[in-house]
Number of protein chains: 2
Amino acid sequence: MIKKTADRRVVRTKKMLRDALAELIEDKGFEAITVCDLTERADINRGTFYAHYKDKTDLLVQSENDLIEAVLEIQSGLVEMSMAELLDCYVNNKPLPFAVALYRYLGDNGRFVRALIGPKGDPGFTPRLKEVIARNILENVLSEKYRENMTPLTKYYMAYYTSAQLGVIEHWFESGMNEDPEEMARIVLSIMFMRPGDAIEMRPTILDRVGMQYVI
Amino acid sequence: MIKKTADRRVVRTKKMLRDALAELIEDKGFEAITVCDLTERADINRGTFYAHYKDKTDLLVQSENDLIEAVLEIQSGLVEMSMAELLDCYVNNKPLPFAVALYRYLGDNGRFVRALIGPKGDPGFTPRLKEVIARNILENVLSEKYRENMTPLTKYYMAYYTSAQLGVIEHWFESGMNEDPEEMARIVLSIMFMRPGDAIEMRPTILDRVGMQYVI
DNA sequence: TATTACAATCAACAGACTGTTGGTTAACAC
DNA sequence: GTGTTAACCAACAGTCTGTTGATTGTAATA
C-alpha cells in the first residue's frame, strides 16, 4: 500500500498514460484502444508502457482503483448524518455536505469519470462506483431496522435508489456539468423527496419551492 | 427492413453466433473475445462469420438492435394508461400490464440481456435500454405539464427515475431472476410510491402491506 | 559535483488475431 | 431435380502483442 513513487519520471509517465487513456476512451472507446495508441498519444515509448503495466486493462484497473480509493477516502472523513440534520438541510435548502464533497471530487476528475461511465467506457466501473455510493449515502438514509434484516423488497429498493443516484451523476456529466457541486447536492436532496406516485394523493408537495410541484 | 432470411442455414448460423456471443461475454467479457473464440464455440467456420458480420462489434450491434426493436414492438402495442388505472393497480396490488410484458420479454432473453448489462457487457447498451424505458414508462408517469416544458430539475428527475428502473432490472438479473414477471411488476409499482424522505413526516405509508412500511 | 541507480529509449522477435480471397462441398428453395 | 448459394478449407499480408538486450539520459544522494 506504500507508494514509493518518488521519481518524477515515473509519475510523469503514469500521468501521461492516464490522461491519454481518458482521452482515447472518449474518442474511440476502450475496446478499440491499442497500446500503440496510448504510448503514441502520451509520447512514451511502447516498451516503457510494459515496464509499468501488464496491458491496457491493467492501466485501466489501476486508474480506477485510485479513483475509487480517493472517493472512499473523502467519504470516510465525513461524519454520519442524523435524521434531524438531514431534515434541517432539506427545509433550509442547504446542500448535503457529503454530496457536495462527492460531486466536487467527481467534477475535478471529470474527464476521466465521464469517460469511464460513458457509453464507450468500462461497464465494470459503474457497479463499483454504485457500491461506494450505496455504502456511503444509502447507509445514512436507510434505517437500521431494514439494514439488518433485508427483505427482497428492501434490496430492490436499494438497487433502485443507488442506480437513481448514479443516474443523476451521469446526467450531470452528459449535460456538461453546468451545475456546481453545491447545486447538485441540493438537487439530489430535492429528488430524494419526490415520488411519481404522489399524484395519487393529489396534494402539492413541499417540492413546490424547487419549481417542480408534484409529479404524475 | 424486410428480413428475407428464409434459408435455414443462415438463421442457424446467426443463432449459434448470438448464443456464443452471450456465453463468451459472461465468460471473459466482450473486450477479450476474438472472432476465433466465437466461431469455435459456435462451431462455425471463421470465414462464414465474415460473410455475415463485419467484425465482432457488428455482431454485437445487430443483436442489440434486434432486442431493442423487440422491446419497442412489445410496448407499442400497449395502450397508454390513465391515472385512474394506475391507481387501481396500485391499491388492488395488481401488476402493471406493460411492466409485466417488459419483464416477461427480458426474462425470456435473460442470458443475452444479463450479459449485455453486466459488468463485462457493453457500456453502450444500457443507455439505449434506458431510453426505451424512459420513453415507455416515464411518459405514462410524467404529466404533460412537465413533459412539454422541461426544467433542468425535471430532466434530473427523469435521469433519476429511468436509472432507478434499470437498477431494479439489473438487480433482478443479478439475484437470479427469482421473481416472476408479475411479481416484478408489483415490486416496481410499490417502489414508485416510496421515497427516503418519507420519514420526515413520520407516518407509515400505504406500503406497509408489501412489508417495508416506511424508509428512513 | 560526481557517482550510482534506474527510468526511458530503440530495434527486433515470434506468436496471435484480423480481414480477405479462391476453390470446393453440401444444403436449401423452387 | 436442378440451379442457387451458404458453409467449409487453406493460405495470405498486415497489425498488435508482449518480451528481450543493449544504449542513453535523468534523478536522488553523498
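Reminder, nothing fancy here: chain letters follow the sequence lines and each chain counts from 1.
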>> Among residues at least two apart in sequence or on other chains, which ones pass side chain to side chain contact (heavy atoms under 4.5 Å, CB included) with B:D108?
In response: B:R104

Salt bridge (Lys or Arg N to Asp or Glu O under 4.0 Å) with [X]: which residues, sequence neighbours excluded?
X      : value
B:K56  : A:E31
A:R9   : A:D7
B:E131 : B:R135
A:R114 : A:E26

Mind calculating the distance between [atom1] ([X]) and [atom2] ([N]) to the nearest angstrom?
X     : N      : atom1 : atom2 : result
A:I44 : C:dT9  : CD1   : C1'   : 10 Å
B:K14 : D:dT5  : NZ    : C1'   : 15 Å
A:D58 : D:dT17 : CG    : C1'   : 15 Å

>> Tell me which residues in residues 46-57 of chain A lie within less than 4.0 Å of DNA chain C, going by non-hydrogen atoms.
In response: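 Those residues are A:R46, A:T48, A:H52.
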
>> If I take atom CG from residue B:L102 and atom CD1 from residue B:I133, how far apart are they, to the nearest 0.5 angstrom?
In response: 6.0 Å

>> Working to the nearest 0.5 angstrom, can you tell me the gap between B:H171 NE2 and B:L166 CG?
In response: 13.5 Å

>> Is A:N45 close enough to C:dA8 that one of its side-chain N or O atoms is under 4.0 Å from OP1 or OP2 there?
In response: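 False: A:N45 side-chain N/O out of range (4.0 Å or more) of C:dA8 OP1/OP2.
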
> At under 4.0 Å, does any side-chain N or O of B:T13 touch on OP1 or OP2 of D:dA7?
Replying inline: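 Checking B:T13 against D:dA7: at least one side-chain N or O falls below 4.0 Å of OP1 or OP2.
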
Detail all sub-3.5 Å separations between protein N/O atoms and N/O atoms belonging to nucleotides 2-4 of chain C.
none

> Residues from residues 24-41 of chain A sitting under 4.0 Å of DNA chain D, heavy atoms only?
Replying inline: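 Residues of residues 24-41 of chain A under 4.0 Å from DNA chain D: A:T34, A:V35, A:C36.
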
> Are A:D122 and B:K120 close enough for a salt bridge, meaning some N to O gap below 4.0 Å?
Replying inline: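 Salt bridge absent between A:D122 and B:K120.
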
> Should we count NZ of B:K28 as having more than 12 external heavy atoms under 6.0 Å?
Replying inline: yes

Tell me yes or no: between the side chains of [X] and [Y], is some donor less than 3.5 Å from an acceptor?
X      : Y      : result
B:S63  : B:D66  : no
A:S175 : B:K155 : no
B:Y103 : B:E182 : no

> So which pairs with a foot in residues 19-55 of chain B pass ring-ring contact (aromatic ring centres under 6.0 Å, His included), sequence neighbours left out?
Replying inline: B:F49-B:Y53

>> Which residues pass the ring pair (Phe, Tyr, Trp, His ring centres under 6.0 Å) test with B:Y105, not counting sequence neighbours?
In response: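 Partners of B:Y105 under the ring pair (Phe, Tyr, Trp, His ring centres under 6.0 Å) test: none.
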
> Under 4.5 Å between any side-chain heavy atoms of A:D180 and A:E183, yes or no?
Replying inline: yes

> In what stems does DNA chain D take part, counting only runs of at least 3 consecutive Watson-Crick or G-U pairs whose two distances fall under 3.5 Å?
Replying inline: C:1-12 with D:19-30, C:14-18 with D:13-17, C:20-30 with D:1-11

> Can you give one letter per nucleotide of nucleotides 23-30 of chain D, 5' to 3': B if a protein heavy atom sits under 4.0 Å from the base, S if only from the sugar-phosphate, - if neither?
Replying inline: --BBSS--

